[in-house]
Amino acid sequence: MKTIDLPEFRVALPDWIESFLPEPDHVYSSDEEKMNLAIRLAGENIRHDSGGPFGAAVFDKNTGKLIAPGVNVVVPSQWSGGHAEVMALAWAQMKLKTHDLGANGMPYCELFTSTEPCVMCLGASIWSGVRRVVCASRDEDARGCGFDEGPKPGNWRSELESRGIEVTQDILREKAVDVLNEYVRLGKPVYNARQNKLK
């Protein structure tokens, strides 16, 4: 029988996140406070040179407590799937020991993300079981910086809502756009920016 010699696949959040986060019992009392954390994660990711300008976090809506943070780790992990939303959702699922955050008995999970989900993260959000997706900057803001958000349907919001996932947009949008622009200004890598150029 043939075997394939594959490297071990392990992806972790950057070390700085643990000391950056507030105490575990901290209660986030508003959408703005929750989004501020996601945007600050994106900014810190730039400052620590640990990935792209995107941050996300999963919260328990009923308690206001953070379940899991996430930042973009595409370049350092050498994995195109290492987007902030995917990381936050993965850590939330591991923490709650479930593949379905919307299952019976699960908290009311909401995903806050510094930029609207790309086509991949849109799918990840649907399958994760989160009940709400809250966005800061928009798709066009990321595309304006050169990022390829993929062939996301124009009616993505109604698609999520038809599946029972509430969508809120433009929470602290300008602050999130500032982080995207800072990343570009610093000359950081705008990866996978093919935008339909593959033949």
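Trp127 carries Arg163 over the face of its six-membered ring, with the cationic atom under 6.0 Å from the centre and within 45° of the normal. Judged by the 6.0 Å distance and 45° axis criteria, Lys188 is not positioned over the aromatic ring of Tyr183. Remark: Lys34 qualifies as a cation-pi partner of Phe59 under the 6.0 Å distance and 45° angle criteria applied to the six-membered ring.
Taken from OG in Ser137 to CE in Met35, the straight-line distance is 8.5 Å, to the nearest 0.5 Å. Atom SG of Cys121 is separated from atom CG of Leu89 by 8.0 Å, given to the nearest 0.5 angstrom. We find the CD-CZ distance between Glu18 and Phe20 to be 13.5 Å, quoted to the nearest 0.5 Å. Rounding to the nearest 0.5 Å places OG1 of Thr115 at 10.0 Å from CG of Asn72. Within the model, atoms CG of Leu21 and CG of Leu41 stand 6.5 Å from one another, a figure rounded to the nearest 0.5 Å. For the atom pair CD (Glu149) and CZ (Phe147), the distance works out to 8.0 Å, reported to the nearest 0.5 Å.
In this structure, the side chain of Asp141 engages the main chain of Arg138 through a donor-acceptor pair within 3.5 Å. A donor-acceptor pair under 3.5 Å links the side-chain atoms of Ser30 to the main chain of Glu33, judged by distance alone. Judged by distance alone, with hydrogens and angles left aside, the side-chain atoms of His48 form a donor-acceptor pair with the main-chain N or O of Glu44 at under 3.5 Å. A distance-only check finds a donor-acceptor pair linking the side chain of Asn45 to the backbone of Gly52 [under 3.5 Å]. Side-chain N or O atoms of Lys152 include one that pairs as donor or acceptor with a backbone N or O of Pro117 at under 3.5 Å.
Between Lys175 and Asn36, some side-chain heavy-atom pair lies under the 4.5 Å cut-off. The closest side-chain heavy-atom distance from Leu122 to Pro153 is below 4.5 Å. Put simply, the side chain of Glu166 does not reach to within 4.5 Å of the side chain of Val133, judged on heavy atoms. Using a 4.5 Å heavy-atom threshold, the side chains of Thr63 and Tyr108 count as separate. Residues Leu111 and Glu85 form a side-chain contact, since some pair of their non-hydrogen atoms from C-beta on lies under 4.5 Å apart. Residues Phe54 and Val179 are not in side-chain contact: their nearest non-hydrogen atoms beyond the backbone lie 4.5 Å or more apart.
Between Val190 and Cys145, the shortest heavy-atom distance links the atoms CG2-O, 3.8 Å. Gln169 approaches Arg157 most closely through the heavy-atom pair OE1-NH1, 2.7 Å. For the pair Val11 and Met87, the tightest heavy-atom approach, listed with the atom from each and the gap, is CG1-CE, 3.6 Å. Considering every non-hydrogen atom in both Ala136 and Ser114, the closest pair reads CB-O, 3.3 Å. Across Ile171 and Val134, no two heavy atoms sit closer than the pair CG1-CG1, 3.8 Å. Listed here is the closest heavy atom pair of Ile17 and Pro69: CG2-CG, 3.9 Å.
Criterion: ILVMFWY side-chain heavy atoms under 4.5 Å apart, direct or through other members. Under it, Tyr28 and Val130 are not part of a common hydrophobic cluster. Linking ILVMFWY residues whenever their side-chain heavy atoms come closer than 4.5 Å, directly or via other members, leaves Val71 and Val177 in distinct clusters. A single hydrophobic cluster is not seen to contain both Ile67 and Trp91; linkage of ILVMFWY side chains at heavy-atom distances under 4.5 Å, directly or through other members, places them apart. Leu37 and Val27 sit in two unconnected hydrophobic clusters of ILVMFWY residues. Membership requires side-chain heavy atoms under 4.5 Å apart, directly or through other members. Following chains of ILVMFWY side-chain contacts shorter than 4.5 Å, one can reach Ile39 starting from Leu180, so the two form part of one hydrophobic cluster.
Thr98 is linked by a side-chain contact (heavy atoms from CB on, under 4.5 Å) to Leu96, Asp100, Leu101, Met106, counting only residues two or more places apart in sequence or in another chain. For Asp31, the side-chain contact (heavy atoms from CB on, under 4.5 Å) test picks out Phe112, Arg132, with sequence neighbours left out.
For Asp15, the CG atom is loosely surrounded, since the number of other residues' heavy atoms within 6.0 Å does not exceed 12.
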Contacts table for residues 73-83: side-chain donor-acceptor under 3.5 angstrom, sequence neighbours left out:
unit_1: Ser77; atom_1: OG; unit_2: Val73; atom_2: O; d: 2.5
unit_1: Ser77; atom_1: OG; unit_2: Val74; atom_2: O; d: 3.4
unit_1: Ser77; atom_1: OG; unit_2: Trp79; atom_2: N; d: 3.3
unit_1: His83; atom_1: NE2; unit_2: Ser80; atom_2: O; d: 3.3

* **Step-by-step salt bridge (Lys or Arg N to Asp or Glu O under 4.0 Å) determination, Glu140 to Arg143** => CA-CA 5 Å; Glu140 56 262 35; Arg143 289 182 194 273; over 6 Å; no
